[in-house]
Amino acid sequence: MMRIACPFCGPRDHDEFSYEGDARVHHPPLDAPQEAWCEAIFMRENPRGVVPELWQHVMGCRCWLVIERDTGTHEILSIRYATPGIAEAMAGEAGEALPGEAAE
């Protein structure tokens with residue numbers, strides 16, 4: 001079992017999250033030829049080691065997260081919001097600790 005520390009909700013079982021794939025993969029435009037989509041979806045690398053992955057906390061806050069995880073050991077090295085600026089927006093009032101962070 002893998003535990004993921006959601007920055008907003010705190011540590012949760014990985015079953016609460018949906019894995020969406022390698023965060024480095026950029027899909028082709030919607031009107032791209034079928035061959036381009038086949039290449040992007042089925043013919044990409046499956047590296048062993050530290051990989052940034054895209055996850056969504058579907059059973060919690062529904063935030064999109066980029067999780068740096070070692071695919072060989074499942075060790076989670078870092079977790080951050082996938083959307084720039086979301087941490088500040090979710091912090092509320094100025095000076096308030098960000099979710100998942102200790103207040104100073």
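We number each residue from 1, following the sequence as shown.
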Worksheet item: Should Cys63 and Gln56 be marked as a side-chain contact (heavy atoms from CB on, under 4.5 Å) after you check the CA-CA gap, both sets of side-chain angles, and the distance that decides it?
Response: CA-CA 6 Å; Cys63 283; Gln56 185 184 22; over 6 Å; no
Shared hydrophobic cluster, [X] / [Y] (ILVMFWY, side-chain heavy atoms < 4.5 Å):
| X | Y | value |
| --- | --- | --- |
| Ile4 | Val51 | no |
| Ile67 | Phe8 | yes |
| Phe17 | Tyr19 | yes |
| Trp64 | Val66 | yes |
| Ile79 | Met2 | yes |

[X]: side-chain hydrogen bond (donor to acceptor under 3.5 Å, both in side chains) partners, not counting sequence neighbours:
| X | value |
| --- | --- |
| Glu39 | none |
| Ser18 | Glu20 |
| Arg24 | Asp22 |

Worksheet item: How many angstroms lie between NE2 in His57 and NE2 in His14, if you round to the nearest 0.5 Å?
Response: 12.0 Å
Worksheet entry | Any residue meeting side chain to side chain contact (heavy atoms under 4.5 Å, CB included) with Pro29, in chain and number order, not counting sequence neighbours | Asp31, Ala32
Worksheet item: In the hydrophobic cluster built from side-chain contacts under 4.5 Å, what are the other members alongside Leu30?
Response: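 When side chains under 4.5 Å apart are linked, the cluster holding Leu30 also contains Trp37, Ile41, Phe42, Met43.
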Worksheet item: What salt bridge (Lys or Arg N to Asp or Glu O under 4.0 Å) pairs are there with at least one residue in residues 61-72, not counting sequence neighbours?
Response: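 For residues 61-72, and leaving out neighbouring residues, the salt bridge (Lys or Arg N to Asp or Glu O under 4.0 Å) pairs sorted by first residue read Glu53-Arg69.
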Worksheet item: Closest approach of Ala40 and His27, non-hydrogen atoms and distance?
Response: CB-ND1, 4.3 Å
